[in-house]
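All ligand and atom numbering here is 1-based and tracks the order in the structure.
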Amino acid sequence: MSQAEARLARSLSAIPHGIVVFDADGAIAFRNKVAARYLSARHSEALVDEAIRDLAEGVLADHAPAAPSRAVDLFGPPRRALVLTAVRLEQRSEDLGALVLIDDVTDRRRLESIRRDFVANISHELKTPVGALGLLAETIGTEDDPEVARRLAARMMQEAFRVARTIDDLLELSQIEADPDGHHEDVPIPGLIAEAVDRVAGAAAQQGISIQQEAVPVALSVAGDRRQLVSAIYNLLDNAVKYSNSGSSVSVSALTDGRSVEVRVADHGVGVPRRDLERVFERFYRVDRARSRETGGTGLGLAIVRNIAENHGGSVHVESTEGTGSTFTLRLPARMGGAPKATDG
Ligand code: ADP
């Protein structure tokens with residue numbers, strides 16, 4: 001291999017796409033590392049190899065369109081979607097061979113499909129209350145009884161609040177995603193919990209639910225975005241209240257093992273069925289649509305909590321028994337050197 005060829009081979013190996021070069025006789029002259037990986041994977045070898053040769057033969061024999069391409073789906077595992085494109089290599093009409101590019105579009109397809117689903121979900125979530133608003137306005141327009149008109153207007157207000165809440169949550173979610181680092185500072189846990197409890201206190205009182213705030217070590221703190229962290233704890237508390245019955249109690253506590261801090265929100269409410277435990281953190285996923293709607297839910301609260309937890313290098317988990325209650329645990333890395341070893345909560 002000449003020096004120039006070696007340089008070219010090195011450059012082609014640095015490209016994140018698979019590249020296979022054929023000489024004018026249709027023999028493989030070069031393949032970069034990425035291409036070798038696809039070709040050596042046992043389950044995909046035959047399929048990808050055959051498609052590559054087919055495309056190359058096509059352009060070499062000149063009975064193919066300018067740059068033919070072909071989609072190849074590998075059923076794995078892992079499942080992958082590839083797009084192969086062939087081009088003829090020529091110099092001053094001299095045939096030098098063909099090049100086949102292997103583009104792995106798996107992640108792109110997955111993101112596209114998530115985005116499509118998300119847009120479809122948003123449209124659906126907004127269409128329902130907006131449709132209701134239209135109908136209510138139409139009915140009020142023909143209603144003579146002022147008492148009925150007042151009731152319909154109250155319903156309209158409820159639906160309008162629902163749209164506003166969904167938009168607020170969507171904005172919060174996109175803000176968190178757009179600025180994953182947020183504004184990082186030292187945030188004491190007791191203050192965070194007190195602020196979140198304060199925010200939910202009105203709704204809790206209205207529903208006859210008491211909130212027990214366990215004692216938290218004063219020195220316990222995390223590094224993070226204060227506004228986001230309050231929002232995460234508030235969302236967990238808000239759910240605990242929403243999915244509990246009147247007269248019930250909700251508790252919030254925090255403990256640490258020195259490395260991480262766990263904020264726990266426990267309720268004695270309706271609980272989450274086992275099959276839904278993982279899915280409740282997905283955007284717009286609800287176990288009980290009617291209850292979520294009744295309580296003014298947007299289906300975005302836990303997605304917001306999960307995003308915030310991940311932005312802070314943490315996680316969120318749920319343990320629950322249907323009909324008995326749930327405990328949501330927000331785990332965050334403890335501020336280095338700041339947290340005491342034991343819990344005195
Ligand atoms: P929502 O606005 O509907 O409450 P969330 O994203 O906050 O949306 O929660 C998703 C779903 O998870 C809820 O609709 C509810 O079915 C379930 N859920 C969340 N928190 C609790 C809880 N503390 N107890 C029982 N179910 C819960």
Which atom pairs, donor and acceptor, lie under 3.5 Å between side-chain atoms of residues 266-278 and protein residues at least two apart or in another chain?
| from | atom 1 | to | atom 2 | distance (Å) |
| --- | --- | --- | --- | --- |
| D267 | OD1 | G269 | N | 2.9 |
| D267 | OD1 | S326 | N | 3.1 |
| D276 | OD1 | Y285 | OH | 2.4 |

Contact residues of ligand 1, where a non-hydrogen atom lies under 4.0 Å away: N239, A240, K242, Y243, D267, V270, G271, V272, V280, Y285, R286, V287, D288, S292, G297, T298, G299, L300, G301, L302, S326, F328
Results of side chain to side chain contact (heavy atoms under 4.5 Å, CB included) for R150 - residues two or more places apart only: E147
Qualifying residue, where the test is salt bridge (charged side-chain N to carboxylate O under 4.0 Å, His left out) with E125 and the options are R165, R286, R283: R286
Pi-cation contact, Y234 with R199 (under 6.0 Å, within 45°): yes
E112/R115 ion pair, N-O < 4.0 Å: no
Residues forming a side chain to side chain donor-acceptor pair (under 3.5 Å) with R108, sequence neighbours excluded: D103
